[in-house]
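Here is the structure we will look at.
No hydrogens, no waters, no symmetry mates; every other heavy atom, side chains included, goes into these values.
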Amino acid sequence: MDSLQIYADNSDEEDLSHQPSTLSADSSPPRLIPSKSAAPKVDDTMLALTAAEARQAQSRPIDPTQHVVAFNPTYDQLWAPTYGPAHPYAKDGIAQGMRNHKLGFVEDASIDSFVFDEQYNTFHKYGYAADPSGSNYIGDLDALQKNDAISVYNIPQHEQKKRKIEREKDEDEVDPTEIDNPATDVWLMKNKRSPWAGKKEGVQTELTEEQKKYAEEYAKKKGEKGHKGEKGEHVVDKTTFHGKEERDYQGRSWIAPPKDAKATNDHCYIPKRLVHTWSGHTKGVSAIRFFPKYGHLILSAGMDTKVKIWDVFNSGKCMRTYMGHSKAVRDISFCNDGTKFLTAGYDKNIKYWDTETGQVISTFSTGKVPYVVKLNPDEDKQNILLAGMSDKKIVQWDINTGQITQEYDQHLGAVNTITFVDNNRRFVTSSDDKSLRVWEFGIPVVIKYISEPHMHSMPSISLHPNTNWLAAQSLDNQILIYSTRERFQLNKKKRFAGHIVAGYACQVNFSPDGRFVMSGDGEGKCWFWDWKSCKVFRTLKCHEGVCIGCEWHPLEQSKVATCGWDGLIKYWD
């Protein structure tokens, strides 16, 4: 019904519209009645906008700086001149921000260096070159036609022959007097030699006195220079004694161990509190070592180039300072009886010191930085020194003669540790190449090579008191345990973790009874684990910065020394 009503209304409107206009001029204006349609209403706003946008896109200029165009531009749009006013500060019509060269904007072109050289040299020789942007040529087009568009690198065969004949003809025409005269260009051309030509085998004339003298001086100077570059830096060795007297009333030396020192460490305990702090190093302490067997003295290597030895039992003061390195000291190692010790410094020197007097007995150097030094622990081989170097070698010296007796050269990175196993018949080395290698002492052939894809570098290794196991500090924040038996297998059941050591060569160590494993970490803590259960037993906040070294006292059951990069050595009980 509604649609019929609408239809009736529409027909009425049509009848009205057909009626002639009978309205007078002074009558009111006609009212327009809105038309109605049965068709559904369509909103054509979006359609109109889309059409307008398409028309606008066709006429819109393209910004030359934009990299992506959201529509398909026409050829005219792409090659239209840049719209807008000229840049007020632009030189040559290019804005400063668009420049990448003093002459304007240079685009990268993918041209092979050989092709570029060919066209460059061709242009300089003939005056024409191929245009890189197209297949046409630029330059002297007459010369191009004359030379048949050849480049300097593709001269025709007949041209080469012609040149060779001309060259030979020129040589024939040379005046023989000019050939013998060294002042002429002809003589130079004749006698110039290729740098690859062999040396003339002629009779060597005797040198004059002046030449001999100069040659000797030069050789001497060169030898000195080479010697200086190869060996470590030389520093005058000094030592200072800080104690009251070097010998007591009975004539005993200050390094003599106390008579009543006895081992009470058959059952060890974890330390709880700080009992003493040794401060004297002006920079970080890189290593500490207790006096062998007795532990009444402790030796420390400092990054301030000094090595100091401290009293542990009595006064707790520094007893002697050893100054012989020009750079930080990296590693220290006592001999078996403690009367002598080795130091390795970043000045590329290894020094062998007398503990009591502070005298340097001998100095060794290969011109490379030693990272670890060790004496052979056998009593009859205390004159054999092993050093792991930064040039991937382990060098063996005889201290008595000063000669290098062996070189173990298999590692692919700097050598970090040397650990003797199997009654000192073998030793294990670790390196920056993330591998472990086992060697027979004296034979430079690897008998066991351990390298797995998951392994990290191991900058510190320690031997368990029962000598059956090795603890290796791995840089993926865990301590791994390897057997020292024939196969040197990784013990997968024993793994000590929780500490953060990535990036630091923190020392790992055992309690004398083997019940506890301990290690420093990068946050200044000292961690203690139970050997059997592998659980963390205790952590002590020891240092500000890195706690790099920790040693258990060889006789006491719960005394531990730690050292850090804050320059302090701390004693815990």
Within 45 degrees of the axis of the six-membered ring of Tyr346 and under 6.0 Å from its centre: does Arg330 put its NZ or CZ there?
no
With sequence neighbours excluded, tell me which residues meet ring-ring contact (aromatic ring centres under 6.0 Å, His included) with [X].
X	value
His276	Trp278
Trp565	Tyr504
Tyr449	none
Tyr322	Phe341, Trp353

Mind checking what makes side chain to side chain contact (heavy atoms under 4.5 Å, CB included) contact with Leu463, not counting sequence neighbours?
Thr419, Val421, Thr467, Leu470, Thr484
Please name all residues satisfying side chain to side chain contact (heavy atoms under 4.5 Å, CB included) with Asp354, sequence neighbours left out, ordered by chain then number.
Glu356, Thr357, Ile361
Looking only at atom types and distance, does a side-chain atom of [X] sit under 3.5 Å from a main-chain N or O of [Y], one as donor and one as acceptor?
X	Y	answer
Thr355	Gly338	yes
Ser286	Val329	yes
Thr417	Thr429	no
His543	Val546	no
Gln382	Asn336	yes

So, for [X] and [Y], is the gap between ring centers shorter than 6.0 Å?
X	Y	answer
Trp254	Phe241	yes
Phe364	Tyr352	no
His464	Tyr482	no

Output yes when Lys532 and Asp530 qualify as a salt bridge under the 4.0 Å nitrogen-oxygen rule, no when they do not.
no
Going by the rule side-chain hydrogen bond (donor to acceptor under 3.5 Å, both in side chains), which residues pair with Thr240 if we only count those two or more places apart in sequence or in a different chain?
none
Show your reasoning for whether side-chain contact (heavy atoms from CB on, under 4.5 Å) applies to Thr321 and His242.
CA-CA 8 Å; Thr321 302; His242 306 288; 2.7 Å; yes
Results of salt bridge (Lys or Arg N to Asp or Glu O under 4.0 Å) for [X] - residues two or more places apart only:
X	result
Asp331	Arg289
Lys351	Asp237
Asp391	none
Lys525	Glu523

When you look at CZ of Arg485, are more than 12 heavy atoms from neighbouring residues, nucleotides or ligands closer to it than 6.0 Å?
no
Would you call the rings of His553 and Phe313 parallel, tilted or perpendicular, where under 30° means parallel and over 60° means perpendicular?
parallel
Keeping to residues at least two apart or across chains, list the side chain to side chain donor-acceptor pair (under 3.5 Å) pairs with something in residues 292-304.
His281-Ser300, His281-Asp304, Thr282-Asp304, Ser300-Trp310
